Amino acid sequence: MKTSLALSPTRSKFAPLSYTGNLRRGMQKAAEFGFDGVELNLRDSDDLDKDAIIGWAEEFGLEVPSFGTGQSYFEDGLSLADTRPEIQRAVRDRLKGHIRFAACIGAQVVLGSIRGNFFDTDQATRQAQYDIAVEATRDVAEYAAERRVFLTVEAINRYETDFLNTTADALAFINDVGAPNLGLVLDTFHMNIEEVSFVEAIHMANDRLRHFHLVDSNRLAPGMGHIDFKTIIAALKQIGYTGYLSGEMLPQPDDDTASRNFIEYVDKLLKV
Ligand code: LER
Ligand code: MN
């Protein structure tokens with residue numbers, strides 16, 4: 001398993017990101033601390049200097065395993081579960097922009113908060129929202145497949161969304177979409193709230209697990225809360241997971257300390 005640090009080139013309402021607004025510095029620090037890669041949490045890929053970012057990844061010897069995409073929902077109100085045609089067009093265009101960039105840098109594209117929310121609405125509206133999210137995901141997954149890009153769905157806790165809270169929910173959605181290039185992201189912060197058992201959820205995910213956000217119960221770096229990471233790493237080894245453990249965490253008390261805490265703790269965990 002490898003380690004990555006979640007960064008954003010811009011400041012964001014989504015807080016668990018490090019070195020926000022200074023991507024080059026974040027990448028330089030990630031390399032210095034010994035991370036294998038960086039996960040980029042992006043608002044709009046079409047606004048980015050993609051060549052510069054690809055250049056920094058090469059300069060610092062970092063992989064970019066994954067793009068987070070929730071800023072489109074938090075900052076711009078774009079979501080896959082929104083039935084308005086203009087929003088559907090905009091959210092699919094936004095994701096296709098991320099997919100084009102992902103194809104150049106070798107990243108997977110996470111469908112997390114960008115799924116949006118049902119807002120506890122009535123059953124018929126909820127079903128219509130679910131159906132359009134399935135259709136939209138199928139559409140972007142086909143676009144991604146043509147570019148050899150893998151997409152992933154992230155289960156997110158009930159206080160952030162009422163659309164796909166558990167591993168079982170996310171796997172059912174993945175089955176409904178039915179795209180071969182669609183897998184799963186699990187995030188220990190959300191799992192701690194939603195799952196009966198970390199180990200059972202990881203076994204249920206099995207080979208559909210393609211990315212992993214490793215963060216403590218309070219969304220700080222692992223080791224700063226009360227999650228038992230030893231059993232989680234053991235379960236990941238049991239299912240043969242060789243992907244990334246990504247530090248999508250609150251940068252507290254500051255970016256450098258949180259990043260250093262992550263890498264020191266995770267390096268020890270992986271040696272056991
Ligand atoms: C949202 O809480 C989250 O964990 C992100 O990875 C999804 O955009
Ligand atoms: Mn996450």
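Not measured: the values here are computed from a predicted model. First listed ligand is number 1; within each ligand, the first listed atom is number 1.
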Study note, to complete from the structure: For L40 and I53 the tightest heavy-atom approach is CD1-CG2, 3.8 Å
Check your understanding: Are a donor atom and an acceptor atom from the side chains of S79 and D82 found within less than 3.5 Å of each other?
Key -> no
Practice item. Give the ring-plane orientation class for F14 versus F74, where under 30° counts as parallel, over 60° as perpendicular and anything between as tilted. Key: parallel
**Study point:** Mutual orientation of the aromatic rings belonging to H211 and Y244 [parallel < 30°, tilted 30-60°, perpendicular > 60°]
**Key:** tilted
Point to revise | Set of side chain to side chain contact (heavy atoms under 4.5 Å, CB included) partners for N175, sequence neighbours left out | key: R208
Report every pair formed by an N or O atom of ligand 1 and a protein N or O atom separated by less than 3.5 Å, giving atom names and the distance to 0.1 Å.
from     : atom 1 : to   : atom 2 : distance (Å)
ligand 1 : 2 (O)  : E160 : OE1    : 2.5
ligand 1 : 2 (O)  : E160 : OE2    : 3.3
ligand 1 : 2 (O)  : H190 : NE2    : 3.0
ligand 1 : 2 (O)  : R219 : NH2    : 2.8
ligand 1 : 4 (O)  : E154 : OE2    : 3.0
ligand 1 : 4 (O)  : D187 : OD2    : 3.1
ligand 1 : 4 (O)  : H190 : NE2    : 2.7
ligand 1 : 4 (O)  : R219 : NH2    : 2.9
ligand 1 : 4 (O)  : E248 : OE1    : 3.0
ligand 1 : 6 (O)  : E154 : OE1    : 2.6
ligand 1 : 6 (O)  : E154 : OE2    : 3.2
ligand 1 : 6 (O)  : H213 : ND1    : 3.4
ligand 1 : 6 (O)  : E248 : OE1    : 3.1
ligand 1 : 6 (O)  : E248 : OE2    : 2.6
ligand 1 : 8 (O)  : S113 : N      : 3.4
ligand 1 : 8 (O)  : S113 : OG     : 3.3

**Study point:** Other cluster members, L220 - Ile/Leu/Val/Met/Phe/Trp/Tyr, side-chain contacts below 4.5 Å
**Key:** M224, L250
Exercise for review: Assess the side chains of E195 and T167: does a donor N or O sit below 3.5 Å from an acceptor N or O?
Suggested key: yes
Check your understanding: Backbone N or O of K13 within a donor-acceptor pair of the E75 side chain at under 3.5 Å?
Key -> yes
Revision key, fill the gap. Any protein N, O or S atom under 2.8 Å from the Mn ion (ligand 2)? Found E154 OE2, D187 OD2, H213 ND1, E248 OE1
Review point. Just by modelled atom types, is the L151 backbone N or O under 3.5 Å from a matching donor or acceptor in the R210 side chain?
Key: no
